[in-house]
2 protein chains.
Amino acid sequence: MARTQGSHSDITGPRIRAAALELFARHGFAAVSMRQIAAHVGVQAGALYNYTPDKQSLLVDLMQAHMEDLMAAWANQQVAGDVVARLEAFVRFHIRYNLERSDAVFIAYMELRNLTEENFIRIEDHRRAYEDQLEGILKEGVAEGVFQVPDTKIAALAVIAMLNGVLTWYRDGGRLSLTEVETLYWDMVRKSVAV
Amino acid sequence: MARTQGSHSDITGPRIRAAALELFARHGFAAVSMRQIAAHVGVQAGALYNYTPDKQSLLVDLMQAHMEDLMAAWANQQVAGDVVARLEAFVRFHIRYNLERSDAVFIAYMELRNLTEENFIRIEDHRRAYEDQLEGILKEGVAEGVFQVPDTKIAALAVIAMLNGVLTWYRDGGRLSLTEVETLYWDMVRKSVAV
DNA sequence: GTTTTATCTGAACAAATGTTCAGTTAGCTT
DNA sequence: AAGCTAACTGAACATTTGTTCAGATAAAAC
């Protein structure tokens, strides 16, 4: 056999990335073999190399795409308003977006150690840029006297870490709805940076 | 060659666990081979099997030991006092303890997916018990009207997630001292659960 | 309908994996 | 000093790993 019926790179490519995303998130990058990914797509391992030069590139591309999507989604989301409204928007956006793409978020946070120095820096730059968005809001709020934090950089990291915690316990159809979770976290964040 | 000079299980055992801890934390469980651990100790791979029945048991034992140490250290730490003082004690304890054993903490949070169902439950029970300690303090505070949170369970998880975030950025000899970091986080936690 | 191009197979490769074990030597006991 | 036990080596094992590539077939272009 060789080329299979209905085969098309526009279909196989995304399916490979989707399978890799799910498997990397579930078992970890190092624990997943190229053959497992291929089997998930219904293809032989060799075929993957039409879509990625090697295994690590597959991981990096997934991370990079996620970080770019995240930044684009946030840029698209922003609403004008006072700093409090913008902080609330950030909190709700972050929770909702991260829960919708929990696999990608998980990978982007957990698999950094499997990256080469160069790739690590690329991804880390994206993350810092995202954190800077939140820190910018906090800085403004502090300048206006609406917020009070001892250190805006640390506060931004603390807030993001707190919000990311949702990933470890939230399940669809659980005790709390997505909106309830958002409101609950927003309540804590709001108070934590209050004057 | 066979038994080597100065070899003793009281020495080799701990060294194996220490090497495994460091390597698992740095590269991930699946990415570390038994031969790498052995090389780190200065021993052949086969010798490891005098100390563990298999690779996963090595991981589980490290996790279990960490969780037990954590619980014991907290039990040993507790001071009498009002709920606010006890919450502060928890925050400072958690930050300090986790930074001192960041490798173990990292592993206990990241490698759960490499466990069998049975082992997963064992470790997860420990974590829940630890989280319950914090939730207990929050519940008491809410009952007394000193704290106000919409949901003590979620609040406990949120606080712990926030504190764990320290691990991702804190470095010895950095801009902030350990005590400064503790105080900084305590400030945010205190406000986040305030009435 | 024929040629060209895109896509995949299937086999192969060397290297690395977790684990076992017979054999060997160091340390301890008597 | 002799015997016993604890600790380790070194080689072997069956699998699995990431990756390559010649060949085969489907889809697209002409």
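In what follows, chains carry the letters A, B, and so on, assigned in the order in which the sequence lines appear, proteins first and then strands, with residues in each chain numbered from 1.
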Might you list the N or O atoms of the protein lying below 3.5 Å from N or O atoms in nucleotides 1-4 of chain C, with each pair's distance?
none

State which residues pass side-chain hydrogen bond (donor to acceptor under 3.5 Å, both in side chains) with Thr168(A); sequence neighbours excluded, sorted by chain then number. none
Would you kindly give the OH-to-P distance between Tyr49(B) and dA22(C), to the nearest whole Å? 17 Å
Can you name the side-chain hydrogen bond (donor to acceptor under 3.5 Å, both in side chains) partners of Gln64(A), sequence neighbours left out? Glu68(A), Arg122(A)
Could you check which residues of residues 50-61 of chain A get a heavy atom under 4.0 Å from DNA chain C? Sort them by number, please. Asn50(A), Tyr51(A)
Tell me the ring-ring contact (aromatic ring centres under 6.0 Å, His included) pairs involving residues 169-195 of chain A, sequence neighbours left out? none
Quick one: which residue pairs count as a side-chain hydrogen bond (donor to acceptor under 3.5 Å, both in side chains) with a foot in residues 12-26 of chain A, not counting sequence neighbours? Glu22(A)-Arg26(A)
Tightest non-hydrogen contact, residues Leu21(A) and Ala104(A), listed as CD1-CA, 3.9 Å
Rounded interatomic separation in angstrom, taking CD from Gln36(B) and P from dT17(C): 6 Å
Residues from residues 40-47 of chain A sitting under 4.0 Å of DNA chain C, heavy atoms only? Val43(A), Gln44(A), Gly46(A), Ala47(A)
Where Ala158(A) and Met162(B) come nearest, the two heavy atoms and their spacing: O-CG, 3.5 Å
Can you tabulate the close N/O pairs, meaning under 3.5 Å, that link protein atoms to atoms of nucleotides 1-6 of chain D?
from	atom 1	to	atom 2	distance (Å)
dA6(D)	N3	Arg3(B)	NH1	3.0

Strand contacts (DNA chain D) in residues 11-35 of chain B, 4.0 angstrom heavy-atom criterion: Thr12(B), Arg35(B)
ring-ring contact (aromatic ring centres under 6.0 Å, His included) contacts in which one or both residues fall within residues 113-154 of chain B, not counting sequence neighbours: Phe90(B)-Tyr130(B), His94(B)-Tyr130(B)
Starting at CD of Gln5(A) and ending at P of dT25(D), how long is that distance when rounded to a whole Å? 12 Å
Where at least one partner belongs to residues 27-58 of chain A, residue pairs that pass ring-ring contact (aromatic ring centres under 6.0 Å, His included), sequence neighbours excluded: Phe24(A)-Phe29(A)
Sequence neighbours left out, what passes side-chain hydrogen bond (donor to acceptor under 3.5 Å, both in side chains) with Glu131(B)? Give chain and number order. none
